[in-house]
Undergrad: 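Please see the structure below; I have some questions.
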Number of protein chains: 2
Amino acid sequence: MPAKPRRTERRSDALSKERIIAAAINILDTDGEGALTFRALATRLTTGSGAIYWHVANKDDLLAATTDHVIAKALTGAPVDAAPGDAIRAIALAVFDAIHARPWVGTQISREPWQSGTRRIFEGLGQQLQALGVPERAQFNSTSALVGYLLGLAAQYAAGARLVAQKTSRAGFLTDVVARWTQDEPDRYPFVQQIADELREHDDREQFRAGIDIILAGIAAIR
Amino acid sequence: MPAKPRRTERRSDALSKERIIAAAINILDTDGEGALTFRALATRLTTGSGAIYWHVANKDDLLAATTDHVIAKALTGAPVDAAPGDAIRAIALAVFDAIHARPWVGTQISREPWQSGTRRIFEGLGQQLQALGVPERAQFNSTSALVGYLLGLAAQYAAGARLVAQKTSRAGFLTDVVARWTQDEPDRYPFVQQIADELREHDDREQFRAGIDIILAGIAAIR
DNA sequence: ACCTGAACACCGTTCAAGT
DNA sequence: ACCTGAACACCGTTCAAGT
């Protein structure tokens, strides 16, 4: 016999944390970080702005939940059967690609790194480092180095994307950074001067991968 | 004969970008990131909030200038005559210590990394990597790895400090993070479970230094 | 139990008006 | 040239009142 509707059963149009998260992601993807307000969210969900607080503690809670959602999904695609070194690269690149697709994830994960999204990344990388044979005493620091690097790049990428949005193109943004970094006091910044062309033309994903390889080589060397 | 007062000469109580930056740093150090508003700044400078805009483009500009000021000062102490490897550690630790003393610098540098503060760090580390003998084709990626790691740790440290402020102690904050990271679904996070004690008791500065050593070892190995 | 929406206590930024 | 401070257009969050 069919179960009686439980108390927790809801009309399909009832509010829920899941629906709020989905709407928030939608706004962030479509209109950017500045467009996510409780008023905009309420309008999109055709409800009152106060209603959202019944399901979500505050804006930080909402952003943590949306970020965790995206990171969890990104890590789902990462392989389990690959060699540890390849698995580490795959996990790191999966996170990188998720942030590339949604720069607001980078903003959030670097603004509030002590959240569940980081826990997932930490766990995924740590397990593979173990499988790689890194001795136990070096596992915590090695994983932290990898996670720290990843967070740093996330911050750079997210900030870059915000500036690209203003300058309309990635080339324009980098040309602008290089111009600002080389115009005043060029004598004080010979190294920046020297790598200016590379900075202007580099591929973010390739550079990210190169950094991961450096850290993996360092972990192997230190062990 | 004494020079005539030039047009640019000012009464000592006149506003200037320098005075605004000093007041902003004062507020940030004393009352935290949330306390820096144009109204608070105007009160401390006994002026109108609109007056600040004559010297500073907007809040982002102000924060970039304060951060650059702190980073510049931090790098002043870094040695020039040390061996390249030691100089790199010294530069990195100087930035780390500056962020330790002023977590708001970490927030700002990870939120807006494409600013002058990062340029100084990039230049300092790049020069030493050159002196270390890293081949030219590897210099850009190597420096970026180091800078990326440093920004990531800056973000972690700043976020940690914000949470410490809420929890009143660093031990309390880390205990809280560990509790949140291990309580639900412990089976899905065996690695986090395993390093929980280390996470709770680790020394940030030592871990940061360990990460720098890993990256330096990696740079040496890859070359 | 859950939702409404006005109200509160803020923000950054602008700008006419002053000196 | 530089400063004043009210005004504008927002925010996140709260909460009495509804269903």
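Chain letters run A, B, ... following the sequence lines, proteins first and then strands; every chain starts at 1.
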Undergrad: In whole angstrom, what separates A:L62's CG from D:dG12's P?
TA: 10 Å

Undergrad: What is the separation between atom NZ on B:K59 and atom P on C:dT13, rounded to the nearest whole Å?
TA: 8 Å

Undergrad: How long is the line joining CD1 of B:I27 and C1' of C:dC11, in whole Å?
TA: 15 Å

Undergrad: Using a strict threshold of under 4.0 Å (side-chain N to carboxylate O), is an ion pair present between B:K17 and B:D61?
TA: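 Yes.
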
Undergrad: Nearest to the side chain of B:Y53 - C:dG12, D:dT13, C:dC3?
TA: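 It is C:dG12.
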
Undergrad: Quick one, B:Y149 with A:I215, criterion side-chain contact (heavy atoms from CB on, under 4.5 Å). Give me CA distance, side-chain angles, the key distance, then yes/no.
TA: CA-CA 10 Å; B:Y149 173 74; A:I215 296 174; 5.6 Å; no

Undergrad: Give the nucleotide from the list D:dG12, C:dC3, D:dG5 with an atom nearest to the side chain of B:S49.
TA: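 Taking heavy atoms from C-beta onward, the closest nucleotide is D:dG5.
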
Undergrad: Round to the nearest Å and state the distance from A:L63 atom CG to D:dT13 atom C1'.
TA: 15 Å

Undergrad: Between B:L41 (CG) and C:dC11 (C1'), how many Å, whole number?
TA: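 Value for this atom pair: 14 Å.
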
Undergrad: What is the separation between atom CG on B:L15 and atom P on D:dA1, rounded to the nearest whole Å?
TA: 17 Å

Undergrad: Just by modelled atom types, is the A:A72 backbone N or O under 3.5 Å from a matching donor or acceptor in the A:T76 side chain?
TA: yes

Undergrad: Report the nucleotide, chosen from C:dT13, D:dT13, D:dC3, that has the shortest atom-to-atom distance to any side-chain atom of B:F38.
TA: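 Looking only at side-chain atoms, B:F38 lies closest to C:dT13.
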
Undergrad: Identify all stems in which DNA chain D takes part, counting only runs of at least 3 consecutive pairs (Watson-Crick or G-U wobble, each distance under 3.5 Å), and give each as one range with another, ordered by first number.
TA: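 Stem segments, range with range: C:4-8 with D:12-16, C:12-16 with D:4-8.
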
Undergrad: Measure from the side chain of A:N58, starting at C-beta and using heavy atoms only, and say which of D:dT13, D:dA7, D:dC3 lies closest.
TA: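 Between D:dT13, D:dA7, D:dC3, the one nearest the side chain of A:N58 would be D:dT13.
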
Undergrad: Toward the 5' end of DNA chain C, which comes first, A:G50 or B:A35, by nearest nucleotide?
TA: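 The residue mapped nearer the 5' terminus is A:G50.
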
Undergrad: Quick one: on DNA chain D, does B:A51 or A:A57 contact a more 5' nucleotide (nearest heavy atom)?
TA: B:A51

Undergrad: Expressed in angstrom and rounded to an integer, what is the separation of B:I52 atom CD1 from D:dC3 atom P?
TA: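 Taking atom P of D:dC3 as the reference, CD1 of B:I52 is at 10 Å.
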
Undergrad: Quick check on salt bridge (charged side-chain N to carboxylate O under 4.0 Å, His left out): which of B:R102, B:R205, B:R209 does B:D97 satisfy it with?
TA: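 Answer to the salt bridge (charged side-chain N to carboxylate O under 4.0 Å, His left out) test with B:D97 among B:R102, B:R205, B:R209: B:R205.
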
Undergrad: Are A:R119 and B:D184 ion-paired here, with the side-chain N under 4.0 Å from a carboxylate O?
TA: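 Between B:D184 and A:R119 there is a salt bridge, with a charged N closer than 4.0 Å to a carboxylate O.
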
Undergrad: Is the phosphate of C:dC3, meaning OP1 or OP2, less than 4.0 Å from a side-chain N or O of A:W54?
TA: no

Undergrad: Given the rule in the side-chain hydrogen bond (donor to acceptor under 3.5 Å, both in side chains) test, do A:W114 and B:D176 qualify, once you have shown the distances and angles that lead to the verdict?
TA: CA-CA 10 Å; A:W114 300 103; B:D176 206 60; over 6 Å; no

Undergrad: Taking only the side-chain heavy atoms of B:R39 (C-beta and beyond), determine which of C:dG12, D:dC3, D:dT13 contains the nearest atom.
TA: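 Within the option list, the nearest is C:dG12.
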
Undergrad: Taking the basic N atoms (NZ, or NE/NH1/NH2) and the acidic carboxylate oxygens, is any pair closer than 4.0 Å for B:R170 and B:D204?
TA: yes

Undergrad: Counting any heavy atom closer than 4.0 Å, what does A:L36 reach on the DNA or RNA strands: base, sugar-phosphate only, or nothing?
TA: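 Result for A:L36 = sugar-phosphate.
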
Undergrad: Whole angstroms only, please: what is the CG-C1' distance between A:D60 and D:dT13?
TA: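 My rounded result for the distance is 13 Å.
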
